[in-house]
A.B. asks: 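The structure is given below, and queries will be raised subsequently.
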Amino acid sequence: MASSTASISDTEAWKDLKGHVEDIKKTHLRDLMTDANRCQSMMMEFDGLLLDYSRQRATVETVDKLLNLAKAAQLTEKISRMFNGEHINSTENRSVLHVALRAPKDAVIKADGKNVVPEVWNVLDKIKEFSEKIRSGSWVGATGKPLKDVIAIGIGGSFLGPLFVHTALQTDPEALESAKGRQLRFLANIDPVDVARNINGLNPETTLVVVVSKTFTTAETMLNARTLREWITAALGASAVAKHMVAVSTNLALVEKFGIDPNNAFAFWDWVGGRYSVCSAVGVLPLSLQYGFSVVEKFLKGASSIDQHFQSTPIEKNIPVLLGLLSVWNVSFLGYPARAILPYSQALEKFAPHIQQVSMESNGKGVSIDGLPLPFETGEIDFGEPGTNGQHSFYQLIHQGRVIPCDFIGIVKSQQPVYLKGEVVSNHDELMSNFFAQPDALAYGKTPEQLQKENVSENLIPHKTFSGNRPSLSLLLPELTAYNVGQLLAIYEHRVAVQGFVWGINSFDQWGVELGRVLATHVRKQLHSSRTQGTTLEGFNYSTTTLLIRYLETSSEPQM
Ligand code: F6P
């Protein structure tokens, strides 16, 4: 068993897996896939979901060895410590309790000795009441008109998760029906172009602005909030802010200082990491305004179902645990640094961008949780696009270039089925034909012998050969309701945590975002003094000085 300061790579379990890589190198998925018992043991079902990881470059023995690694990393204990509210985010001295955000009302989850579930439900009840007032029109804007449009301002975790869920629900029949006549938009980038796009076509009289920021200090969000406050007050007067702006934050003092009525602030807590906050008011408020609380409650229930599975299922049958272990296998042992997230669902088009933050901000670390340099690399380079769009873009590289483990996510029942009379299959079947075919194309490939039999000309054979043996996994969801979206979110959140627990890092801090932020402060000051007093540039290297001079001399920013 690894002591808290020993690296997981010093354990026998890790070394055993290192040695086992040679065995796996001798295998090909083409052959592994012929073993029905192996494939059967690599299928997992839970609450309507079916996971098939038989196309991973792994044998039953590999999985056993990975489970040993989980034991060496004290994975089960670490999961319990998370659910018990221990301060596992040690560099920020915080609990990690996003699971409490979706826990049933009668659950008991403690942070610092106090059950947090009642506070969670107080905020949820407040959101329910507020969103019903807005949606029913009983809350009106400064000129007496109902507020039918919402702009949610926020960035990173205060944006990507809510955007993913919003995009996933947009075409769900129940959510679609309940969003009739309403719009939800997201303003994230400090690029003024994003402001222009967001307010385009909206009337301040009928718009509610939700400022979402855990800290309420993030430069982009605060300047965007001031910009939209100006948009509202220029049209409706300063007093309109009370009716047209609300906030979600852990920092209620700063919310009030900004000028938002504290009664119109929705709290969350420092035990919710930004990228794990979509189930707090961060996501629940904007989504309830758009779809109604009852739809969003289903999303929370789906996530909670996975939380319970993750907390209580033995590791060999635990979906997030198995997925996390397989990712560790791919990254640390097989040496595949990237992962493609490929949902065969347009509704999931914002899933990969969200998981990029959840995964890369969590696990892109250089030291262990004890601050020791890691003797191996952590994290994954995540990217993805919905199928079939990705097929016409980067799949060439995945099939014949670099080996990138792929997550194929498919949906059994389309949100919007279409069948045209006379067509061979329905539109959704057409989509899903690709979902089923691509993993086999990657796994089996195509040999020169097969091509010869097809009379392919000799000069083209090398170009048309597919090496195969490229790993993927398939996750099949019964449909894409709010409930299933919650399940999918929680699976990936916990999978990322599992990877971090095994690597022995802190997956819940993000010091790596600080340095660039601090340097931008220096540039901001310089831009101000150069523009207002013509001050010469100071303290920058040759490269940055040259670029800044070009920018200052040729830009036409409005006069200060
Ligand atoms: O990118 C750094 C980060 O702190 C993220 O972790 C977070 O989601 C984002 O900035 C936004 O922070 P806040 O919600 O405090 O505005």
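First listed ligand is number 1; within each ligand, the first listed atom is number 1. Basis for what follows: all heavy atoms, side chains included, without hydrogens, waters or symmetry-related copies.
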A.B. asks: What's the shortest heavy-atom distance between A238 and T233, and which atoms?
C.D. replies: CA-CG2, 3.6 Å
A.B. asks: Of the protein's non-hydrogen atoms, which lies at the shortest distance from atom 4 (O) of ligand 1, and what is that distance?
C.D. replies: R517 NH2, 4.1 Å
A.B. asks: Should the ring pair W121 and F293 be called parallel, tilted or perpendicular, given that the plane angle runs from 0 to 90° and is split at 30 and 60?
C.D. replies: perpendicular
A.B. asks: What protein heavy atom is closest to atom 8 (O) of ligand 1, reported as residue, atom name and distance in Å?
C.D. replies: G157 N, 2.7 Å
A.B. asks: Please confirm whether F299 and Y291 have ring centers closer than 6.0 angstrom.
C.D. replies: no
A.B. asks: Could you check atom 12 (O) of ligand 1 against the protein and tell me its nearest heavy-atom contact, residue, atom and distance included?
C.D. replies: T218 OG1, 3.4 Å
A.B. asks: Quick one: are F258 and N251 in side-chain contact, heavy atoms under 4.5 Å?
C.D. replies: no
A.B. asks: Examine Q357 against ligand 1 and note whether any of their N/O atoms are separated by less than 3.5 Å.
C.D. replies: yes
A.B. asks: Which of the listed options, M222, E361, Q510, R275, holds the heavy atom that is closest to atom 6 (O) of ligand 1?
C.D. replies: E361
A.B. asks: Just to confirm my output: which protein heavy-atom neighbour is closest to atom 15 (O) of ligand 1, and how far is it?
C.D. replies: T215 OG1, 2.6 Å
A.B. asks: Any side-chain to backbone donor/acceptor pair from T227 onto L223? Under 3.5 Å, distance only.
C.D. replies: yes
A.B. asks: Run the numbers for me: atoms of ligand 1, each under 4.0 Å from some heavy atom of I155, listed by number.
C.D. replies: 9 (C), 11 (C)
A.B. asks: Partners of R102 by salt bridge (Lys or Arg N to Asp or Glu O under 4.0 Å), sequence neighbours excluded?
C.D. replies: D307, E493
A.B. asks: Say whether E220 and ligand 1 are in contact under the criterion: heavy-atom distance to a ligand atom below 4.0 Å.
C.D. replies: no
A.B. asks: Does K126 come within less than 4.0 Å of E129, counting only side-chain N to carboxylate O?
C.D. replies: no
A.B. asks: Can you find a protein heavy atom under 4.0 Å from atom 10 (O) of ligand 1?
C.D. replies: no
